[in-house]
Structures are given as structure tokens and as C-alpha cells.
Amino acid sequence: MRGIYRLMNDERRLAAEIPQNAREYDAIVVGGGTAGAIAALALSMEECRVLVVERLNCLGGMGTAGRIENYYFGCRGGLYEQIDAEAKGSEPLGYTVSYPNGYNCELKERVLEEKIRDLGGEIAYGADLTGVIMDGNTVLGVEYIQGAQLHCACAPVVIDATAEGYLCQIAGAEYTLGRELDQKVQPFGNVRIDLVEESMTGSHSYTDCGYVSPIVPEQYSQAILSASRFSTYLLDDYRIGRRLLGITPYIGMREGMLIQGEERLRLQDVVNGVSPKEKILFYAYSNADNHGKDMAFENRPQQDWMIACSLWGLNFSLGVPMGCVIPRGIHGLLAAGRLISVDHDLASCVRMERDVQKCGEAVGYLAALAVRDRVDVRDVDYEKLEKKLRASGCLTEKNHVGFMDSRLPARQARIKMPLSPEEIKAGLASDSPGMAIWQAAHAWQDRSPLYAFLADENDHLRIHAAMALALAGEDAGAEILLECVRKQDDFVPATSRKYNMIRGAAALYLLGRIAYAPALDDILHIIHDWQQIHPANFKKDEFLADEEEYRFQYLSQAIVAAEEIALLHPAAREKTDAVIHGVIDDPAFSIHSTLKGRQQLKYQMADMIRHAVDCLEKKRK
């Protein structure tokens, strides 16, 4: 039916008629953040009448108000570079000097606003989305509140750049939230702003503050309040070294709702080279930058990549096709930013600030062409769109670099794929076996060489061949993996620049993956006596801050492995439940872990483990 739809008590309802005085635009961008501001700029440059609905008092999102003032990977090229250069060019006028690889956040806010306004765009600050105007499955506009007044605006194309997908949700678009087991999203962060007095330059540092659901208002509000009181912001003397200028006004969510688009990118497809390659809008580039350490509870593709192969730190590029920004089954609606149609496992790879800005630009041009040619966004002439994207530098094959080891100089960093049989054997026999394990499991149809390696005298070759076979779903090397578990193999590979997984814990994961029942008693023994786990040669790093974190990896991997075996072997369930609940139901059960980058902050993981066990047990029913 035609009218204004709102969310009421988490239900989407037809709430009101469309008022006669609704203003008309060519396009509406809801959310003027990292993607939305660039989308609005691209639309304005194409002479479209644009309205930006933004809840803050500035444009740019985490890149301005959020004070993320330099870039972590992502691809070069496009409108954002022009904006950054113009902002940096004004620094000599007396503004704080930015990072060499960054930009001035305050100047960027100003440049974005001035350019959009000079081109005729309208910006509604302090405005919150309250409803979506629809006719059937077609979006016609939005309702928003600014001050104490409701406003309605209509346009043939509306862009959801809210990051959390609020507009798409009200419009009835399909979406997913978080990982499959417990719907948790990436840990969120908060940014502290400092002035370095010696150089009079601006600086920022972030603290990962835990987990929060972006669709539970009470959780979200509490997260904003608690994040500003972390110990990393509390100094004995704020006058020494770095001067605290402030804390950002909102938290940095790394993941929220992910729409189901006309196409969807998946980590498994991307790293195996079978993702879509037509109608590409831009290329993204990063590692699978999961900031959590609870990998035992992640989706299987991410577990395979990060636990079995320790490939957290391997960078790779991927093309984002047009279908990923078009919500499936909804007309007149586009998505821009980190809510685009990717799976949870890939979400951490496409959220880099450079790439989110490129996404906004591509969606802006796509919307402009739909308006100009009076067609649905699905029917836009891709050749016309491609021409614009290439002219601005947003789309270039130079950004499609494949797999890269970022520890090496650029000329040496590219990893040639696929690996030859000789390269795979050498990799399995080395202390950096990750890509060889992955390739042997996924690229070798004839696995007879792996069976031969199981009897080799080289421990690395023998164990890593067993890991590759388990990753391929075979148990021929299961006893070798079980021996790794029994001796609590504390070897940590050097595959990634950081976040490498202990081999004994990886063996636990793989035994669970193949549901190897003969390993159950040994796995339950680890769970029962988890406090007695002590590495013989512990080396502190960013992933393993201390021995308690080491034990957390063994305990969490063992619990999931036992549950996977119990899932396929009903006779083992009673014994499994007794051991697991004997540990986690104890009111005194306590185990901590850290998050990325702040080893002094310890997070209680007991309730997460209890909830994960509850979710795993529900899988049996």
C-alpha cells in the first residue's frame, strides 16, 4: 500500500498518508557520513537536486566527527582524494597539521559542506529518519524529524548511507546481522583526540570497547556512555606529552546490518577467485580485519581462513559489483557504505574508509544516471557508469592487486596464485604454511601427495598436511592432529603479520570440523582441566597477551569441537554436556581476553561462552 511506513515495536507498519506538502528532489541521501557525503557530492556534481538527511552537525562520519584521520589500507583514487587534498591545502592558514598519510578532519567537514551547498545541495543537520514513503515495494521518499517538526521529502532515488541500514530495514529489505552462531557483530571502538605539543600536530588513538548490538537502542546508548569512561582516556596528568582535546561524539561500529542485494559477495568465493567479475563499481583492499579474538564462535569460512590457516593478516583485493548496492526486491533504493551486500566474513574487508568513500561515489553516479535516464537503478547503462567511474579514478584495475603480504615491500609482496605443487610442499614444510594449507585443501583434486606427506619425518610437513586434509573434510591425518592436542602443541606459525593461531588450538578446531569422535575424551579433558593449560614456550604478542588469553583459545576451541562431535554423534551428548556445564555453570567461572590493540584492557568472556554453548546446543534440536 502507498504511504509512510515506520518501525513500531520492532514491526514495520503503514503509519500515515503522504502529505501534500512533501518537497521534491532528484535524490535523497540518508546519512551524510563516510559514504553518504561523497554520494551527495557526486550527485551534486551531476547537477541533481539533492537532500542530505544527517543526524549529526557535520558531514563525513567517522572520517571527520569520528576522528579517524588517516587510512588503513583501502584503494586509492576517486573524489575523496580531491577532498582530502583541498582540506590539506588549507592547513598553512593556521589549522592543526594532519598525518602525512591523512587529512585534517575539521577542514574536511568544511570542504564537503561548502562543495555540496555551492552546487545546490541541501543539508538537514540534526535530522533523524522516522519513516520511509513507499508504494508497494518502491521507495518514493523519506520522513524525518528535525527539531520538533516532521518533514517529508520525495525523490525517484533514495540512498541508504546510514551505515546500520535503518532505511533499508524500514523499507522491508532483507538483511543479515552478525555471525550465524550468536548474531554478534565486530567489536566497536571509540576514539580519543590529542594534541602533540612538541610538533603541534593532531593525533588520535582508538580503544576497542567490547561488543554491542546496533539494533538494540538500550545497548547502543549504554555503549556510548561507557566507552567515554575507559581507562585509556584517564591520565594522571593531561598536560604532559599529548594533550587530551576530547573524545569523539559517537562510537565506531565496525559492522551492522548487511543487506541482501541483487548479488552478494562471500569471503569463500573471493579468496577462491569465483566472485562476480562483471559490472564492477570499485575495488576494495584489506585483510579480513576481525578485531575479536573469539574466533571459535565465528562462521566456518572465517574459521577456515583464520584458525586453520592463520591468514588473518593476508591482504587481498576484491571487486564490488553493482548488484551489491541494490537491495533485492526493492525499487528506488540504493545502499552505500559498510551495509552493502556482503557476508559477515567479508564485512571487515570492505569497511575501510577509502573504500567506503569510493562506494559512496559509485552509488552517487549510479543514482544520477537513474534519475537522468528515468530508469530503475537496475537498468542503468553500466557502460555510462563505468566511464564516469574511470574518469574520476574511482574504478581502476591498478587497484586489483590480488593477494599481498603487507610485511614485504610492494614489489615483493604479491603472492602468485595458484601455487605450484612444489610451492605447496615447500609451504607446508615451512613455519609459514597458511596459504599452502588453503591451496592444498581447495585446489588439489588429487590429494595423494598429502597422504604421502603424513609419513614424512619433517614435523611441519606432516602436521600441516594433516591440517590440509581436515580442511578438505578428510580424517586421514586426524591422529596426527590429536597428538598435537594431547601435547598442547604451542607452535605459532609466522603466516600473518599478527593474529596467528596456536597450532594445538587449530588442531582442536579441525578435529571438531571433521567431527572426529575418537578425539572426544581428549577434548573433554582439556575443557575439564582448562585452568591447567600452560604453554611451554609462551611468547606474548598482540593476539596472545598473556597465558589466560592462551587458555581462552584452547578452551573456546575445545568447547566448539566437542559440540560439533556431539552434534553428529548423539551417544556422546550426555557426556559432553556434563563436562561443559560442569565448567561454565559454576558461578565462579571466569576467563578474560583482550581485543585488538589494547592489551591492558581485559574483557570477561564467561557470559559469551555460556551464550555460545546455548546456541550450539540449540543446533541439535
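Quantities reported herein were computed from a predicted structural model and do not represent experimental measurements. Positions are given from 1, in the same order as the sequence printed here.
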Apply ring pair (Phe, Tyr, Trp, His ring centres under 6.0 Å) to Tyr603 and list each qualifying residue two or more places apart in sequence or on a separate chain. none
Rounded distance [0.5 Å steps], CZ in Phe403 versus CZ in Arg414: 11.5 Å
Main-chain N/O of Gly60 paired with Lys108 side-chain donor or acceptor, under 3.5 Å: no
Keeping Glu549 on the side-chain end and Ala545 on the backbone end, is there a donor-acceptor pair under 3.5 Å? yes
Please determine, by modelled atom types, if Ser286 and Asn315 share a side-chain donor-acceptor pair under 3.5 angstrom. no
Checking Thr176 against Arg264 for the side chain to side chain donor-acceptor pair (under 3.5 Å) test, could you report, in this order, the C-alpha distance in whole Å, the side-chain angles of both residues, the deciding distance, and whether it holds? CA-CA 12 Å; Thr176 58; Arg264 192 161 225 205; 2.9 Å; yes
Check the pair Glu113 / Tyr125 against side chain to side chain contact (heavy atoms under 4.5 Å, CB included), numbers first and verdict last. CA-CA 11 Å; Glu113 180 175 328; Tyr125 286 129; 2.8 Å; yes
Taking atom types as modelled, is there a side-chain donor on Glu69 or Asn104 under 3.5 Å from an acceptor on the other? no
Any sub-3.5 Å donor-acceptor pair from Asn272's side-chain atoms to Val274's backbone N or O? no
Given salt bridge (Lys or Arg N to Asp or Glu O under 4.0 Å), test Arg110 with Glu106 step by step and report yes or no. CA-CA 7 Å; Arg110 192 189 76 183; Glu106 292 166 348; over 6 Å; no
Is atom CD of Glu180 surrounded by more than 12 heavy atoms (other residues, nucleotides or ligands) closer than 6.0 Å? no
Any salt bridge between Glu255 and Arg351, counting N to O under 4.0 Å? no
Separation between OH of Tyr166 and CG of Leu129, rounded to the nearest 0.5 Å: 10.5 Å
If you measure from CG on Asp294 to CG on Leu595, what distance do you get to the nearest 0.5 Å? 8.0 Å
Under 3.5 Å, side chain of Lys358 to main-chain N/O of Ala284, donor-acceptor pair present? no
With a 4.0 Å cut-off on N to O distance, would you call Arg551 and Glu547 a salt bridge? yes
So among Gln302, Arg179, Arg300, Gln268, which one has a side chain to side chain donor-acceptor pair (under 3.5 Å) with Asp345? Gln302
Scan residues 265-281 for pairs that pass salt bridge (Lys or Arg N to Asp or Glu O under 4.0 Å), counting only residues two or more places apart or in two chains. none
Between Thr34 and Val356 (side chain of the first, backbone of the second, donor and acceptor by atom type, cut-off under 3.5 Å), is there such a pair? no
Indicate whether the side chain of Glu263 and that of Ser341 have a donor and an acceptor atom separated by less than 3.5 Å. no
Would you say the side-chain atoms of Ser310 pair up with the backbone N or O of Gly434, donor to acceptor, closer than 3.5 Å? no
Kindly say whether Asn500 contributes a backbone atom to a donor-acceptor pair with the side chain of Trp312 at under 3.5 angstrom? no
Could you tell me whether Asp355 and Arg338 have a side-chain N and a carboxylate O separated by less than 4.0 Å? no
Per side chain to side chain donor-acceptor pair (under 3.5 Å), Asn190 is matched among Thr248, Asp208, Thr207 by Thr248
Taking side chain to side chain contact (heavy atoms under 4.5 Å, CB included) as the test, write out the residues that go with Ser430, two or more places apart. Ser432
Examine distances only and state if a side-chain atom of Glu81 and a backbone atom of Gly77 form a donor-acceptor pair shorter than 3.5 Å. yes
Could you verify whether a donor N or O on one side chain and an acceptor N or O on the other, from Glu386 and Tyr365, lie under 3.5 Å apart? no
Run Leu314 and Met404 through side chain to side chain contact (heavy atoms under 4.5 Å, CB included) and show every step you take. CA-CA 6 Å; Leu314 186 71; Met404 302 284 283; over 6 Å; no
Which residue is it: Met608, Gln219, Gln186? I am looking for the one with a side chain to side chain contact (heavy atoms under 4.5 Å, CB included) to Tyr211. Met608
Inspect the surroundings of CG in Asn57 and state if more than 12 heavy atoms from other residues, nucleotides or ligands are less than 6.0 Å away. no
For the residue pair Thr594 and Lys293, confirm or rule out a side-chain donor-acceptor distance under 3.5 Å. yes
Answer yes or no: is there an ion pair linking Asp289 with Arg254, defined by an N-O contact shorter than 4.0 Å? no
When you look at Leu339 and Asp160, which way does the side chain to side chain contact (heavy atoms under 4.5 Å, CB included) test go after all the steps? CA-CA 9 Å; Leu339 73 158; Asp160 185 344; 3.8 Å; yes
List in chain and number order the residues that pass salt bridge (charged side-chain N to carboxylate O under 4.0 Å, His left out) with Glu46, two or more places apart in sequence or in another chain; answer none if no residue qualifies. Arg372, Lys388
With the side chain counted from C-beta on, respond yes when Cys168 and Tyr175 share a heavy-atom pair under 4.5 Å apart, and no when they do not. no
Run the numbers on Tyr80 and Tyr71 for ring-ring contact (aromatic ring centres under 6.0 Å, His included), then give the verdict. CA-CA 12 Å; Tyr80 81 86; Tyr71 294 119; 5.7 Å; yes
Is a donor from one side chain sitting under 3.5 angstrom from an acceptor on the other, for Asp182 and His611? no
Just to verify, what does Asp343 make a side-chain hydrogen bond (donor to acceptor under 3.5 Å, both in side chains) with, not counting sequence neighbours? none
Would you give the length of the straight line joining atom CD1 of Ile83 to atom CG of Leu59, rounded to the nearest 0.5 angstrom? 10.5 Å
Is any side-chain N of the basic residue among Glu397 and Arg390 closer than 4.0 Å to the acidic one's carboxylate O? yes
Lys602 with Asp546: basic N within carboxylate O range, under 4.0 Å: yes
With a 6.0 Å cut-off on the ring centroids, do Trp305 and Trp438 count as close? yes
Distance-only, no hydrogens or angles: does the Gln439 side chain make a donor-acceptor pair with backbone N or O of Leu419 under 3.5 Å? yes
Between Gln303 and Glu298 (side chain of the first, backbone of the second, donor and acceptor by atom type, cut-off under 3.5 Å), is there such a pair? yes
For the NZ atom of Lys115 and the CG atom of Leu41, what is their distance to the nearest 0.5 Å? 7.0 Å
State, without any angle test, whether Asn399 and Tyr285 hold a side-chain donor-acceptor pair at a distance under 3.5 Å. no
Lys416: what forms a salt bridge (charged side-chain N to carboxylate O under 4.0 Å, His left out) with it, not counting sequence neighbours? Glu423
Go through the steps for Val325 and Leu281 under the test side chain to side chain contact (heavy atoms under 4.5 Å, CB included), then give the verdict. CA-CA 9 Å; Val325 302; Leu281 298 179; 3.9 Å; yes
CD1 of Ile215 to CG of Leu177: how many Å apart, nearest 0.5 Å? 5.0 Å
Please check if the number of heavy atoms outside Lys184 that lie under 6.0 Å from its NZ is greater than 12. yes
Min side-chain heavy-atom separation Lys88-Asp84 under 4.5 Å: no
